[in-house]
Asker: 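If you scroll down you'll find the structure; I have some questions about it.
In this chain, numbering begins with 1 at the start of the sequence shown. We count ligands from 1, going down the list as the structure has it; atoms in each ligand are counted the same way.
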Amino acid sequence: MNRAIIIHYGEIGLKKANVDYFLKKLRRHVKTKLEKAFSRTFDLKHTLGRFLIDLDDGFSLEDEEKAGNILGKIFGIKNYMFVFGGSLDIKELGEQIWSRLPNLNDVETFRVKCKRSQVLPYKSVDAERQVGAELLERGIDKKVKMKEPDLIVNIEFFNNFAWFTFKKHPGQAGLSANSGGKLVCMMSSGIDSPVAAYKMMKRGARVIFVNFHAYPITDKSEMDQCKNLVEVLSDYQFDTKLYQVPFGDFQLAIKGVKTIPDKIRTVLYRRMMLRVAEKISKKEEAKGVITGDNYGQVASQTAENMFVIHEASNIPLFQPLIAYDKEEIIEVAQRIGTFEISKLSCEDSCSVFMPKHPELKANVFDTIRFEEELDVEEWSEKLLKGAETIFF
Ligand code: ATP
Ligand code: MG
């Protein structure tokens with residue numbers, strides 16, 4: 001029996017004149033990721049507003065699971081299904097579905113759901129009723145329930161073929177990866193910035209990462225934790241680059257200037273990080289910087305402090321989590337697989353150099369005056385030069 005994967009896309013379908021551009025990106029992403037994982041070619045046919053990938057008999061259940069793990073992380077996909085080929089003749093199709101029914105021990109209710117090509121002589125509702133009747137006739141012994149049944153028999157009628165399955169897998173939705181320009185994400189080892197990167201990737205941004213760490217003043221744990229997070233996120237886009245910037249010397253330099261009050265240090269770190277991120281953006285021809293900032297969450301995130309931090313750079317900032325509740329952020333982090341890594345404790349550069357009582361209401365004029373003790377331009381150049389890059 002024929003096997004295939006059907007992929008439905010969501011928002012991309014609303015793109016009118018630009019739909020082809022987004023579909024091309026989606027097709028390339030699916031093809032590249034599957035072909036790399038399986039070391040063979042896959043042919044994606046675009047038909048009736050969806051993608052169809054024919055599979056051969058050798059495609060095992062383990063292969064399905066492997067392919068599902070890949071498709072489940074590709075932006076633009078609304079849902080995907082591993083389907084069996086069937087007949088357009090309802091009686092024959094009923095028999096084919098019957099012969100493929102999964103274990104029904106935990107199933108009390110079911111329904112049939114059809115989508116059909118316009119050229120077919122029957123309507124979807126009629127086909128649903130008739131296939132349902134075929135199954136009942138063969139003794140399916142379960143109640144029909146239209147809303148939230150335990151089992152849905154999904155059927156898609158194409159012009160000369162039907163496809164059916166008992167499971168529809170939800171996708172990530174959003175817009176195709178790399179469809180919307182390049183951004184640099186300031187990435188810590190915490191919970192928020194990985195979620196911020198994910199959110200922007202989901203809108204089509206190609207994300208390049210930069211992490212500031214205090215190794216060798218601290219141990220390597222923060223660097224490694226950040227690297228592990230970027231690795232998880234790299235599954236969601238084509239190719240991924242991480243800049244690791246040693247930041248400890250700058251933090252020590254600030255600590256060493258007696259005229260700079262301890263409490264303003266965190267704001268000065270953030271300003272310098274932003275300057276370096278801006279330089280990386282220019283080098284990479286990226287059009288903005290993403291941060292995981294969240295209004296009011298920590299001391300650096302008051303309106304006053306954020307005003308002063310943002311003053312250090314002119315580049316557009318993208319802060320997709322700014323008004324999220326922490327629980328909402330954690331929910332996403334758990335779903336995308338970063339939470340378990342982020343929650344591990346590590347020696348993070350900011351905490352190590354954190355003042356006891358950080359400033360909550362920084363003043364921009366005072367802050368600029370404090371910075372006059374350091375050559376910020378020279379420091380930002382030096383930090384950029386010290387960066388190492390890793391590719392995923
Ligand atoms: P996160 O959970 O992302 O670490 P946070 O709640 O701890 O965020 P802050 O520590 O104030 O908040 O950091 C705010 C933002 O600044 C982070 O979301 C991140 O974008 C950026 N940032 C903080 N520390 C670093 C770092 N070491 N390297 C790169 N970016 C950083
Ligand atoms: Mg943090």
Asker: Under 4.0 Å from any heavy atom of G190, which atoms of ligand 1 are there?
Answerer: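 Near G190, the atoms of ligand 1 are 2 (O), 4 (O).
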Asker: Could you label the plane-to-plane angle of the F51 and H46 rings as parallel, tilted or perpendicular, counting under 30° as parallel and over 60° as perpendicular?
Answerer: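 F51 vs H46 ring planes: tilted.
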Asker: Please check if atom NZ in K202 has more than 12 non-hydrogen atoms from other residues, nucleotides or ligands closer than 6.0 Å.
Answerer: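 Yes, enclosed.
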Asker: For D293, counting its heavy atoms only, list the atoms of ligand 1 lying under 4.0 Å from any of them.
Answerer: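 The atoms of ligand 1 under 4.0 Å from a heavy atom of D293 are 14 (C), 15 (C), 18 (O).
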Asker: Against heavy atoms of E222, which atoms of ligand 1 measure under 4.0 Å?
Answerer: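 By the 4.0 Å cutoff, the relevant atoms are 27 (N).
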Asker: Could you tell me which atoms of ligand 1, counted from 1 in the order shown, lie closer than 4.0 angstrom to a heavy atom of M187?
Answerer: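 Going through ligand 1 atom by atom, the ones under 4.0 Å from M187 are 28 (N), 29 (C), 30 (N).
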Asker: Going by the atom numbers of ligand 1, which of them fall below 4.0 Å from some non-hydrogen atom of V210?
Answerer: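 Here the atoms of ligand 1 in question are 29 (C).
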Asker: Which of the numbered atoms in ligand 1 are below 4.0 angstrom from a heavy atom of T291?
Answerer: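 Matching atoms, with element in brackets: 20 (O).
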Asker: Any luck finding a side-chain donor-acceptor pair between Y122 and E128 under 3.5 Å?
Answerer: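 No, no side-chain donor-acceptor contact under 3.5 Å.
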Asker: Between F238 and H29, does the ring centroid distance fall short of 6.0 Å?
Answerer: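 Ring centres of H29 and F238 closer than 6.0 Å.
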Asker: Do R369's NZ or CZ and the ring of F365 fall within the cation-pi criteria of under 6.0 Å and 45°?
Answerer: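 Cation-pi check for R369 and F365: fails.
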Asker: Please confirm whether V245 comes under 4.0 Å of ligand 1, counting heavy atoms of the residue only.
Answerer: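 For ligand 1, residue contact (heavy atoms, under 4.0 Å) with V245 is absent.
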Asker: Should the ring pair H169 and F82 be called parallel, tilted or perpendicular, given that the plane angle runs from 0 to 90° and is split at 30 and 60?
Answerer: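 Rings of H169 and F82: perpendicular, as their planes differ by over 60°.
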Asker: Just distances here: any N/O of V298 and N/O of ligand 1 closer than 3.5 Å?
Answerer: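 No, since none of the N or O atoms of V298 sits under 3.5 Å from an N or O of ligand 1.
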